[in-house]
2 protein chains.
Amino acid sequence: MNLHIRVFTIGTLAKAAGVSTPTIRYYEEIGLLPPAHRTAGGQRSYDDDDLGRLTFIKQCRDFGFGIDQVRVLLDLSVSSSRDCTETRDIAQRHLDEVREKLAELRLLERRLEGFVTRCNVACAGGPGQDCVIFKDMVAPAKGGCCG
Amino acid sequence: MNLHIRVFTIGTLAKAAGVSTPTIRYYEEIGLLPPAHRTAGGQRSYDDDDLGRLTFIKQCRDFGFGIDQVRVLLDLSVSSSRDCTETRDIAQRHLDEVREKLAELRLLERRLEGFVTRCNVACAGGPGQDCVIFKDMVAPAKGGCCG
DNA sequence: CCTTGAACCTCAAGTTACTTGAAGGAGTAC
DNA sequence: GTACTCCTTCAAGTAACTTGAGGTTCAAGG
């Protein structure tokens with residue numbers, strides 16, 4: 001209970017929030033963070049409120065929200081109505097996107113697995129084989145490598 | 001058997017390979033495609049070899065390979081040794097990356113699910129609740145929204 | 001032959017979310 | 001005072017294209 005007012009340099013704030021110092025300057029530049037207070041020498045100076053805001057941003061980014069979505073979430077976070085349903089809708093849409101991406105990646109994983117497997121089967125003897133991967137690759141959607 | 005020599009404009013080539021025309025110009029600019037032949041009027045002109053090369057590139061990109069990896073694969077595709085093991089190793093490394101990304105996304109999916117669920121539980125009554133998502137978000141790694 | 005409209009040309013800048021680098025000033029410890 | 005780290009701004013780089021401005025070529029129709 002002895003640190004009633006904590007003051008951060010940009011570097012200590014960065015460590016506390018888990019981001020880089022250029023990122024903090026960048027967030028200020030694009031308006032995610034307000035212009036920082038400055039010391040007499042012109043260096044940026046932060047307090048716990050700033051840490052809170054930055055940590056919030058960091059959490060949102062870790063959730064995969066884009067900068068523009070973070071902007072909306074920040075606005076919601078200070079709006080008087082505290083409209084949680086809007087927040088949930090943003091998160092739900094984002095979740096849908098994540099699931100789409102997951103489906104794509106799962107498909108890609110299977111295709112790559114097949115590719116590597118065919119390589120291993122056909123090229124077990126090492127290099128010098130008459131690998132036909134590249135002919136296969138030119139014919140779309142058939143999978144390739146040493147087929 | 002009547003189309004022994006097919007000639008493509010950049011637009012028809014783009015459709016045939018499933019990419020955009022600016023993308024073709026971009027690939028030429030960065031050296032993935034050789035400088036195109038030109039008509040008397042200065043417009044680009046392509047043949048089936050170009051279609052083959054571009055289709056190969058497209059397939060690699062669909063596989064998620066980066067441009068630099070595509071460059072290597074293109075080199076391998078014309079190398080005399082046809083070293084399939086090298087090709088397989090590139091694909092294997094890429095597969096590993098895809099699997100890492102999948103793991104990340106699965107985790108993210110679960111976190112977002114929890115987030116949305118908590119929103120629904122706490123905010124079923126609609127807006128105006130005292131949503132505490134934003135306080136939660138400031139405390140890292142706890143999940144948020146209306147906790 | 002001439003005009004119209006689509007498709008083409010080049011060059012520059014925008015996109016996302018930062019990172020990296022250069023050149024120099026501020027703050028702190030000895 | 002000097003050594004060292006951290007800070008400052010500004011510019012450019014990253015990946016892989018996309019978009020836009022302003023102008024040219026081509027094929028078809030009248």
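If you're wondering where the values come from, they're calculated on a predicted model, not measured in any experiment. Proteins come first, then strands; the chains are lettered A, B, ... in the order of their sequence lines, and each starts at number 1.
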### Task
For Gly42(A) and for Tyr26(A), find the nucleotide of DNA chain C with the closest heavy atom, then tell me which residue's nucleotide is more 5'.
Tyr26(A)
Whole-Å distance separating the [atom1] atom of [X] from the [atom2] atom of [N]:
X        : N       : atom1 : atom2 : result
Ile57(A) : dC18(C) : CD1   : C1'   : 14 Å
Phe8(A)  : dG27(C) : CZ    : P     : 19 Å
Glu29(A) : dT19(C) : CD    : C1'   : 13 Å
Phe63(B) : dA16(D) : CZ    : P     : 17 Å
Ile67(A) : dG14(C) : CD1   : C1'   : 17 Å
Arg25(B) : dC8(C)  : CZ    : P     : 7 Å
Ile10(B) : dA7(C)  : CD1   : C1'   : 10 Å
Glu28(B) : dC17(D) : CD    : C1'   : 15 Å

### Query
Starting at the 5' end of DNA chain D and moving along, which residue's nearest nucleotide shows up first, Ser45(A) or Gly66(B)?
Ser45(A)
Looking at [Y], is its backbone amide N or carbonyl O close enough to the side chain of [X] to form a donor-acceptor pair, meaning the two atoms are under 3.5 Å apart?
X         : Y         : value
Asp47(A)  : Asp50(A)  : yes
Arg106(A) : Leu102(B) : no
Thr12(A)  : Phe8(A)   : no
His94(A)  : Gln69(A)  : no

Measuring from the side chain of [X] (C-beta onward, heavy atoms only), which nucleotide among [options] has the closest atom?
X        : options                   : answer
Arg38(B) : dT8(D), dA17(C), dC9(C)   : dC9(C)
Pro22(A) : dT19(D), dT19(C), dC17(D) : dT19(C)
Gln43(B) : dT25(D), dC7(D), dA17(C)  : dT25(D)
Thr23(B) : dC17(D), dT10(C), dG25(C) : dC17(D)

Using a cut-off of strictly less than 4.0 Å, decide whether [X] has a side-chain nitrogen or oxygen near OP1 or OP2 of [N].
X        : N       : value
Arg44(B) : dC8(C)  : no
Tyr27(B) : dC17(D) : yes
Thr21(A) : dC7(D)  : no
Ser20(A) : dT19(C) : yes
Thr39(A) : dG27(C) : yes

#### Entry: Sugar-phosphate only, base, or nothing, as touched by Arg61(B) at under 4.0 Å among non-hydrogen atoms
sugar-phosphate
### Query
Contact class for Ile30(A) vs. all strands (heavy atom < 4.0 Å): base, sugar-phosphate, or nothing?
nothing
### Task
List the steps, then state whether salt bridge (Lys or Arg N to Asp or Glu O under 4.0 Å) holds for Glu104(B) with Lys101(A).
CA-CA 11 Å; Glu104(B) 278 175 32; Lys101(A) 189 72 190 168; over 6 Å; no
#### Entry: Distance (rounded to the nearest 0.5 Å) between Ile67(B) CD1 and Ile57(B) CD1
7.5 Å
